[in-house]
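I have placed the structure first, in the form of C-alpha cells, so that the comments after it can refer back to it.
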Protein chains: 2
Amino acid sequence: MVEYPKLDLVFRALGDATRRGMLKQLAARERTVGELAEPYRMSLASASKHVKSLERAGLVRRTVRGRTHFVRLNPQPLAKADEWLRDYERLWDIRLARLEALLRHPDNEGSGR
Amino acid sequence: MVEYPKLDLVFRALGDATRRGMLKQLAARERTVGELAEPYRMSLASASKHVKSLERAGLVRRTVRGRTHFVRLNPQPLAKADEWLRDYERLWDIRLARLEALLRHPDNEGSGR
DNA sequence: TCTATATTCATCTAAATGGTTGAATATCCC
DNA sequence: GGGATATTCAACCATTTAGATGAATATAGA
C-alpha cells in the first residue's frame with residue numbers, strides 16, 4: 001500500500017471526459033494531435049493542452065516527425081492507478097467478508113465502534 | 001466500453017493525496033469527520049470539504065448520530081473506476097499482443113505507421 | 001441553563017484549470 | 001521563396017479548487 005508519486009497527475013488527468021476520450025482513441029492506435037482534437041468542439045490549442053496534461057501525467061508519449069506530433073499510449077501509469085484501486089478492493093473484500101461473517105454468526109465478533 | 005456518469009467526480013476525487021489518505025483510513029473502518037481530519041495539518045473546515053467532495057463523488061456515505069458524523073466507504077464508484085481502467089487494459093493487451101506478433105513475424109502485418 | 005464538543009456555513013484568497021484568440025515556429029511542397 | 005499545414009506559445013478570462021478564518025448550528029452533559 002505505497003503512495004505513488006505521480007498518482008495525483010494520473011487521476012486528475014483521468015478526471016476529464018475529453019482526455020478519457022483521447023485515451024480511448026489512443027487505445028486503438030497512435031494518433032496525431034490533430035486527429036485527437038478532431039472529435040471535439042474546441043480549438044486545436046485547447047485540445048493540445050489536454051494532450052500536454054496527459055503527457056505530464058505520463059499517460060502518453062509524443063514523437064515529432066516533421067511538423068506532425070504523433071501521440072501514443074503509455075500504459076504504465078494507468079497500471080499504477082489500477083494497482084492503487086486494486087489494493088483498496090482487497091481491503092473492501094476483507095471488510096465485506098468480515099461483515100458477511102458477522103451477519104452469519106452475530107455473537108462471536110467483538111466490539112465494533 | 002460505456003462512459004460512466006460520475007466518473008469525472010470519482011477520478012478527480014482520487015486526484016488528491018489527502019482524499020486518498022482518507023479513503024485509506026476508511027478502508028479499515030468507519031470514521032468520524034474529526035478522525036479523518038486528524039492526521040492532516042489543515043483546519044477541520046478544510047478537511048470537512050474534502051469529505052464532502054468524496055461524498056459528492058459517491059465514494060463515501062455519511063450517517064449523522066447526534067453531533068457526530070460517521071463516514072464509511074462506498075466501494076461501488078471505485079469499482080466503476082476500476083472497470084473503466086480494466087477496459088483499457090484489455091485494449092492495451094491486444095495492442096501489446098499485436099506488437100509482439102509483429103516483432104516475431106515482421107512481414108505479415110499490414111501498414112501501421 | 002451553561003459550556004464544551006462536532007461539524008458545517010459563509011466569506012475570502014491564491015492557485016490551478018479549461019477555454020478562447022492571435023501570433024509564432026517549423027515543416028512541406030510547388 | 002512563398003503559401004499551406006501542424007502545432008505550440010502567450011496572454012487573457014471565467015470557473016473551480018484548496019486552503020484559511022470566524023461565525024453559526026446542533027448536541028452532549030454538568
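Residue numbers begin at 1 in each chain, while the letters A, B, ... track the order of the sequences. Scope of the values below: all heavy atoms of this structure, side chains included, with no hydrogens, waters or symmetry mates.
Within the structure, salt bridge (Lys or Arg N to Asp or Glu O under 4.0 Å) contacts touching residues 41-56 of chain B (residues at least two apart or in different chains) are B/Glu55-B/Arg62. The ring pair (Phe, Tyr, Trp, His ring centres under 6.0 Å) contacts involving residues 10-37 of chain A comprise A/Phe11-A/Trp84, where partners must be two or more places apart or lie in separate chains.
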For nucleotides 27-30 of chain C, give me every protein contact, N/O to N/O, under 3.5 Å, one pair per line with atom names.
from   : atom 1 : to      : atom 2 : distance (Å)
C/dT27 : O2     : A/Arg67 : NH1    : 3.4

Can you pull every protein N or O that's under 3.5 Å from an N or O on nucleotides 10-16 of chain C?
none

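Considering every non-hydrogen atom in both A/Val10 and A/Pro77, the closest pair reads CG2-CB, 3.8 Å. Heavy-atom minimum distance, B/Ala13 versus B/Leu59: CB-CD1, 3.8 Å.
Taking CG of B/Leu54 as the start and CG of B/Leu14 as the end, the distance is 8.0 Å to the nearest 0.5 Å. The line from CG of B/Leu26 to CZ of B/Arg61 is 13.0 Å long, rounded to the nearest 0.5 Å. The distance from atom OG1 of A/Thr32 to atom CZ of A/Arg65, rounded to the nearest 0.5 Å, is 11.0 Å. Annotation: the span from A/Leu78 atom CG to B/Leu85 atom CG amounts to 5.5 Å, rounded to 0.5 Å.
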May I have the step-by-step check of side-chain contact (heavy atoms from CB on, under 4.5 Å) for B/Val51 and B/His69, ending in yes or no? CA-CA 11 Å; B/Val51 174; B/His69 295 216; over 6 Å; no

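For A/Met42 and C/dT21, the CE to C1' distance is 15 Å, given to the nearest whole Å.
Using a 4.0 Å cutoff on non-hydrogen atoms, no part of residues 31-38 of chain B comes near DNA chain D. Within residues 52-62 of chain B, the residues having any heavy atom under 4.0 Å from DNA chain C are, by residue number, B/Lys52, B/Arg62.
Heavy-atom distances to DNA chain D give each of B/Ser46 and A/Ser48 a nearest nucleotide, and the one nearer the 5′ end belongs to A/Ser48.
The side chain to side chain contact (heavy atoms under 4.5 Å, CB included) search around B/Gln25 returns B/Met22, B/Arg31, B/Leu36, B/Pro39, B/Tyr40, not counting sequence neighbours. Legend: residues meeting side chain to side chain donor-acceptor pair (under 3.5 Å) with A/Thr68, ordered by chain and number and at least two apart, are absent. Every salt bridge (Lys or Arg N to Asp or Glu O under 4.0 Å) that A/Asp82 has, sequence neighbours left out, goes to A/Arg86.
Bounding nucleotides for the chain B contact on DNA chain D, 5' to 3', at a heavy-atom distance below 4.0 Å, are D/dT17 to D/dA28.
A sub-4.0 Å separation between OP1 or OP2 of C/dT20 and a side-chain N or O of A/Ser43 is present.
For the salt bridge (Lys or Arg N to Asp or Glu O under 4.0 Å) with A/Asp8, the lone residue among B/Arg20, B/Arg12, B/Arg19 that qualifies is B/Arg20.
Looking at heavy atoms from C-beta onward, A/His50 lies in side-chain contact with A/Asp16 at the 4.5 angstrom threshold. Between B/Glu38 and B/Glu35 the shortest side-chain heavy-atom distance does not fall below 4.5 Å.
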